[in-house]
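Nothing here was measured: the structure is a model prediction, and the numbers come from that model. Read the numbers this way: they start at 1 and go in the same order the structure lists the ligands and their atoms.
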Amino acid sequence: MRSDVSGYELNAPSNLQAVLTQIASEPGRHAIIAGGTELMVALNTGRLESRSLLSIQHLRELRFIRTTADAVHIGAGTTFTDIRRDETIARELPLLVQAASWTGSIANQNRGTLGGNICNASPAADTPPALLAYDASVTLLSVRGERTVPYSRFHLGYKKTLLEPDEILYSVSVPRVYEGWRQYMRKVGTRNAQAISKTALAGVALVHGNEIGEIRLGAASLADRPLRCLGAEEAVRGHSIAEGDLENTARLGRAALARESKPIDDIRSTAMYRSAVAANLLEEFLRQLPS
Ligand SMILES: Cc1cc2nc3c(=O)[nH]c(=O)nc-3n(C[C@H](O)[C@H](O)[C@H](O)COP(=O)(O)OP(=O)(O)OC[C@H]3O[C@@H](n4cnc5c(N)ncnc54)[C@H](O)[C@@H]3O)c2cc1C
């Protein structure tokens, strides 16, 4: 049922400290709204429990891309369009640009934020596989202070995250180590544009001669949360990608990925299709490594 918006209250504190103070004084009462591309759908369909919205969309303090020697730091309020236009991200973290360009329409990308994509905590979202493969970390902020944790620990279950009721996501940091790494990402959906993924796989790998020296994989829609595929990584790390060995390496990766995936049947796809396609994507990535 559609919601009556007159039953909702919207406030837009003038700075980040005021947002933190407000959510700390009544933890869990307010829903943070950034671009609103997800939240407004929930509101419109009567699924938004909180009657009080606290906007962070206008806060410049959350909208930045800063590059240091070690990492690229991206504010939670950075839009997909900002990400698509950033030269350092385009050069060093192309999977993130790819994910940003897949997310909804141009209108979505102009409003939707990286923080909203992550905090919405959908297992099908587009940026999480790339951020998992890049071994990103997230910084969470509250009046109690800040904490930085590996992004791979942020998602606790379906739509469940590490965020405490008085915390917001402040930024995402990606290490600047991927020069020379092979990078891969593919999303399989009903269409190429404007479709939520049936499954998606992102991977980065460092190849030494014919050997996979290091590999990191992130996947969408293979579990109740975005999945870092540690089992598949372990299964192929150190293995050969020489012509005669590739088949066996791919077989090991496929089997390990199947063991750690728990996809579901839903309106977009079936568990069986998701598992089969994800394994094919992994094999496709591995087969590209020797080039
Ligand atoms: C037509 C349409 C198509 C879409 N297509 C895609 C797609 O292809 N791929 C995809 O991944 N997504 C898609 N989405 C979903 C959505 O656009 C993205 O998830 C987007 O990144 C959400 O960002 P936002 O800033 O609009 O979040 P909001 O809607 O403002 O917020 C989303 C959730 O995150 C919370 N939140 C936001 N920022 C913070 C923060 N800094 N700290 C704590 N909590 C926070 C909010 O409280 C809310 O629960 C689509 C949505 C629509 C309407």
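- When only modelled atom types and interatomic distance are considered, N210 and S240 share no side-chain donor-acceptor pair under 3.5 Å.
- Donor-acceptor pairing under 3.5 Å is recorded for the side chains of E284 and Y184.
- With T78 contributing its side chain and I74 its backbone, the two residues share no donor-acceptor pair below 3.5 Å.
- R216 and Y178 are linked by a side-chain donor-acceptor pair at a separation below 3.5 angstrom, with hydrogens and angles left out of the test.
- More than 12 heavy atoms of other residues, nucleotides or ligands lie within 6.0 Å of NZ in K159, so this atom counts as buried by the packing criterion.
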Quick check on ligand 1: any N or O pairs to the protein under 3.5 Å? One line per pair.
| unit_1 | atom_1 | unit_2 | atom_2 | d |
| --- | --- | --- | --- | --- |
| ligand 1 | 5 (N) | G104 | N | 3.3 |
| ligand 1 | 8 (O) | W102 | O | 3.3 |
| ligand 1 | 8 (O) | G104 | N | 3.1 |
| ligand 1 | 8 (O) | D126 | OD2 | 3.4 |
| ligand 1 | 9 (N) | D126 | OD2 | 2.9 |
| ligand 1 | 11 (O) | N117 | ND2 | 2.9 |
| ligand 1 | 11 (O) | D126 | N | 2.9 |
| ligand 1 | 17 (O) | T37 | OG1 | 2.7 |
| ligand 1 | 17 (O) | N108 | ND2 | 3.2 |
| ligand 1 | 19 (O) | E38 | OE1 | 3.4 |
| ligand 1 | 19 (O) | N117 | ND2 | 3.0 |
| ligand 1 | 21 (O) | T113 | O | 3.0 |
| ligand 1 | 21 (O) | N117 | N | 3.2 |
| ligand 1 | 21 (O) | N117 | ND2 | 3.4 |
| ligand 1 | 23 (O) | T113 | N | 3.3 |
| ligand 1 | 25 (O) | G35 | N | 2.8 |
| ligand 1 | 25 (O) | T113 | N | 3.0 |
| ligand 1 | 25 (O) | T113 | OG1 | 2.6 |
| ligand 1 | 26 (O) | G36 | N | 3.1 |
| ligand 1 | 26 (O) | T37 | N | 2.8 |
| ligand 1 | 26 (O) | T37 | OG1 | 2.6 |
| ligand 1 | 29 (O) | T37 | N | 3.3 |
| ligand 1 | 29 (O) | E38 | N | 2.9 |
| ligand 1 | 29 (O) | L39 | N | 2.7 |
| ligand 1 | 30 (O) | A34 | N | 2.7 |
| ligand 1 | 30 (O) | G35 | N | 3.3 |
| ligand 1 | 30 (O) | G36 | N | 2.8 |
| ligand 1 | 41 (N) | L169 | O | 3.0 |
| ligand 1 | 42 (N) | L169 | N | 2.9 |
| ligand 1 | 47 (O) | I32 | O | 2.5 |

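- Salt bridge annotation for D266-R274: present, with a cationic side-chain nitrogen under 4.0 angstrom from a carboxylate oxygen.
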